[in-house]
Protein chains: 2
Amino acid sequence: MNDRMILVVDDEYELLEMVKSIFERAGFTQVLTASSGEAALKMCKEQMPDMMILDVMMPGMDGFAILKELRKTSKIPVLMLTARGEAEDKFMGFENGADDYLLKPFLPKELLFRVQAILKRVYPEKERKVFLDAATVDLEKAIVQRNGEIISLTAKEFQLFEKLYENAGRIVTTGSLCQAICGDFWQGYESTLATHIRHLREKIEENPSKPVALVTIKGIGYRLNIKGAQT
Amino acid sequence: MNDRMILVVDDEYELLEMVKSIFERAGFTQVLTASSGEAALKMCKEQMPDMMILDVMMPGMDGFAILKELRKTSKIPVLMLTARGEAEDKFMGFENGADDYLLKPFLPKELLFRVQAILKRVYPEKERKVFLDAATVDLEKAIVQRNGEIISLTAKEFQLFEKLYENAGRIVTTGSLCQAICGDFWQGYESTLATHIRHLREKIEENPSKPVALVTIKGIGYRLNIKGAQT
DNA sequence: AGCAAACTCAAAGTTGCCTCAAAGTTATCT
DNA sequence: AGATAACTTTGAGGCAACTTTGAGTTTGCT
């Protein structure tokens, strides 16, 4: 879904992989990594990523030096990762042109949210709205508009809708949907999924019992019908 | 965004670029540079900048000479940069018509702050007001107007509101808000944040227990809804 | 120093999302 | 048509997150 290119820079292999997987799990398809300042700067020139995640503490060229060098030629947004001891240095990072910073250790959710906030701010997209038969869903704000009324989606409902929207017009299996909501070990979650489907229908359908947009494909799964694209 | 035109005058390329990037990162879109007194004076005539940053120590025409010459024709505000040794000269600068001075080396934040203070003083802006569902917040004065009543915000409440306002319409994570208020080591501050949220709601909401403007996004953070931009 | 306002934090109270099960309904197959 | 499997619908319980209150501490002002 999210096709922005992200460059993660850190000397620790562990952290590099962790951050990379956080983004990949979130649907980012282009995640580059670099383990030194030199490599990072080179990659920046060649690949032109949309955003950089930069660890401050690195041997050789540290995060600040990299940032300073980078700023001579590029304005791409940077989020810095700093450890506890480096507290006051971080101000330097901010003033030198970092867009945000995060203290280690951090929650994956926190990192994702901040990166997405920066991306939205720097590359303002047109509204990501999905038009359905009876309602309109705003993917930015996770809200539904129906009859002028504004209804907000819960976390699970939103995940569910996103998964369906990614495959709009096509059938999505029950297992696939369960996985999108509750992760890998979803066996036995089917009945709960049904409840979420119900709740989502109550928000996006004119008549939840006679669904038009989110239809059941018996024995297989569900399909979301959106307006403007039909098959 | 700040669209005031700023002219930076210095003979050192490094400093020139640094100052320029400080302003550009802060949202200034028109930053000119000049590396000699002659060039600076010429630019002043042609471009009519709104403000000048002037280094005292320069070969040829020094800062004082430039300022003296400038004042024959212009009243634009000037902030002078002086090195430590030139401390007493500062009085000369002041008397010659400088609006402020700053000792090198300085923190970018400090420079920005002073420049913005001067700009506000010299070019008083229209009111920066935020309209909410039940109240109006004045960002200059840090006060809230509701039902004709005037309520002032405390420091933390104001910081909190500013952070939310910067991201108006978007979700701001709890961590981000804590960070904005109490700095870096915010883990464990969440419950205090909740209290500030409560107090802020008591000031800006009609019914703090049924918030309309400052809404909770369960599990993630909060969002500020402002009037005039909504869908 | 003394006071008031602001801040912090913990503890109790509340909300609402998620889950799951049980009963009802619909589609499909023979 | 009847049987069966799949899906729908409802409701109740649990739990984590959020709210609210109050009391203690700090801060800033006179």
Side-chain angles (χ1 to χ4, degrees), chain A residues 107 109-110 113 142-144 151-161 164 171-183 185-224, chain B residues 142-144 151-161 164 171-183 185-224:
Chain A
L107 290 172
K109 191 166 65 173
E110 187 78 29
F113 242 92
I143 57 172
V144 176
I151 313 152
S152 59
L153 295 175
T154 69
K156 304 278 172 183
E157 284 156 19
F158 185 65
Q159 285 169 22
L160 178 56
F161 185 83
L164 284 161
I171 296 169
V172 188
T173 64
T174 304
S176 197
L177 290 171
C178 287
Q179 197 177 33
I181 292 181
C182 85
F185 311 110
W186 51 266
Q187 307 270 350
Y189 190 80
E190 293 89 339
S191 79
T192 305
L193 174 72
T195 306
H196 290 308
I197 291 275
R198 168 66 181 176
H199 290 154
L200 187 52
R201 276 176 176 159
E202 278 169 358
K203 295 184 179 179
I204 66 173
E205 297 279 3
E206 191 65 47
N207 177 359
S209 298
K210 300 275 179 230
V212 178
L214 205 179
V215 296
T216 304
I217 312 298
K218 215 172 160 74
I220 306 173
Y222 297 86
R223 187 184 63 216
L224 182 72
Chain B
I143 56 172
V144 177
I151 313 152
S152 61
L153 295 176
T154 69
K156 305 278 171 183
E157 284 156 18
F158 185 63
Q159 284 170 19
L160 179 56
F161 185 83
L164 285 162
I171 297 167
V172 188
T173 64
T174 305
S176 205
L177 290 172
C178 287
Q179 198 176 35
I181 292 182
C182 85
F185 309 112
W186 52 265
Q187 308 266 349
Y189 190 81
E190 292 89 339
S191 77
T192 305
L193 174 72
T195 306
H196 290 307
I197 291 275
R198 169 66 181 176
H199 290 153
L200 187 52
R201 276 177 176 159
E202 278 169 358
K203 295 184 180 181
I204 66 173
E205 296 279 1
E206 190 67 46
N207 176 0
S209 298
K210 301 273 180 239
V212 178
L214 207 179
V215 296
T216 304
I217 312 298
K218 216 175 161 70
I220 304 171
Y222 298 86
R223 187 183 60 215
L224 182 73

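These numbers come from the heavy atoms of this one structure, side chains and all, not from hydrogens, waters or symmetry mates.
- Side-chain contact between B:Phe161 and B:Leu224: present, with at least one pair of heavy atoms (C-beta onward) separated by less than 4.5 Å.
- Rounding to the nearest 0.5 Å places CG of A:Leu200 at 7.0 Å from CG of A:Leu164.
- Rounding to whole angstrom units, CD1 of residue A:Ile217 and P of D:dC7 are separated by 10 Å.
- You'll find a donor-acceptor pair under 3.5 Å spanning the side chain of A:Lys218 and the base of D:dA6, going by distance alone.
- Between B:Ser209 and D:dT20, a side-chain N or O to OP1/OP2 separation shorter than 4.0 Å is present.
- The CG atom of A:Leu177 sits 12 Å away from the P atom of D:dT8 (whole-angstrom rounding).
- Take the nearest nucleotide of DNA chain D for B:Ile220 and for A:Tyr222: the residue whose nucleotide is more 5' is A:Tyr222.
- A salt bridge (charged side-chain N to carboxylate O under 4.0 Å, His left out) check over residues 194-205 of chain B, counting only residues at least two apart or in different chains, returns the pairs B:Glu157-B:Lys203, B:Arg198-B:Glu202.
- A residue-by-residue look at B:Pro208 and A:Glu202 shows that A:Glu202 has its nearest nucleotide of DNA chain D further toward the 5' end.
- Nucleotide D:dT19 holds its C1' atom 15 Å from the CD atom of B:Glu190, rounded to whole Å.
- Atom P of nucleotide D:dC7 and atom CG of A:Leu200 are separated by 17 Å, given to the nearest angstrom.
- Paired with A:Tyr222 under the rule side chain to side chain contact (heavy atoms under 4.5 Å, CB included), one option of A:Ile171, A:Val215, A:Thr173, A:Ile197 passes, and it is A:Ile197.
- In this structure, A:Trp186 atom CH2 and C:dT19 atom P are separated by 15 Å, rounded to whole Å.
- Distance CD (B:Gln159) to P (C:dA6): 14 Å, rounded to an integer number of Å.
- Here NE2 of B:His199 is found 8.5 Å from OG1 of B:Thr154. Values are rounded to the nearest 0.5 Å.
- Side-chain atoms of A:Leu160 and A:Leu193, non-hydrogen and from C-beta on, do get closer than 4.5 Å to each other.
- A:Phe158 has its CZ atom 13 Å from the P atom of C:dC18, to the nearest Å.
- For the pair A:Lys210 NZ and D:dT8 C1', the interatomic distance rounds to 11 Å; values are reported in whole Å.
- Nucleotides of DNA chain C nearest to B:Gly188 and B:Ser152 differ in position, and the one nearer the 5' end is that of B:Ser152.
- Contact between the side-chain N/O atoms of B:Tyr189 and the OP1/OP2 oxygens of C:dT8 is found at a separation under 4.0 Å.
- Side-chain proximity of B:Lys156 to C:dC7, D:dC18, C:dT19: nearest is C:dC7.
- Taking every heavy atom of residues 192-199 of chain B and every atom of DNA chain C, pairs under 4.0 Å involve B:Thr192, B:Thr195, B:His196, by number.
- For B:Glu190 and B:Thr174, the side-chain atoms include no donor-acceptor pair closer than 3.5 Å.
- No contact: B:Leu153 has no heavy atom under 4.0 Å from any strand.
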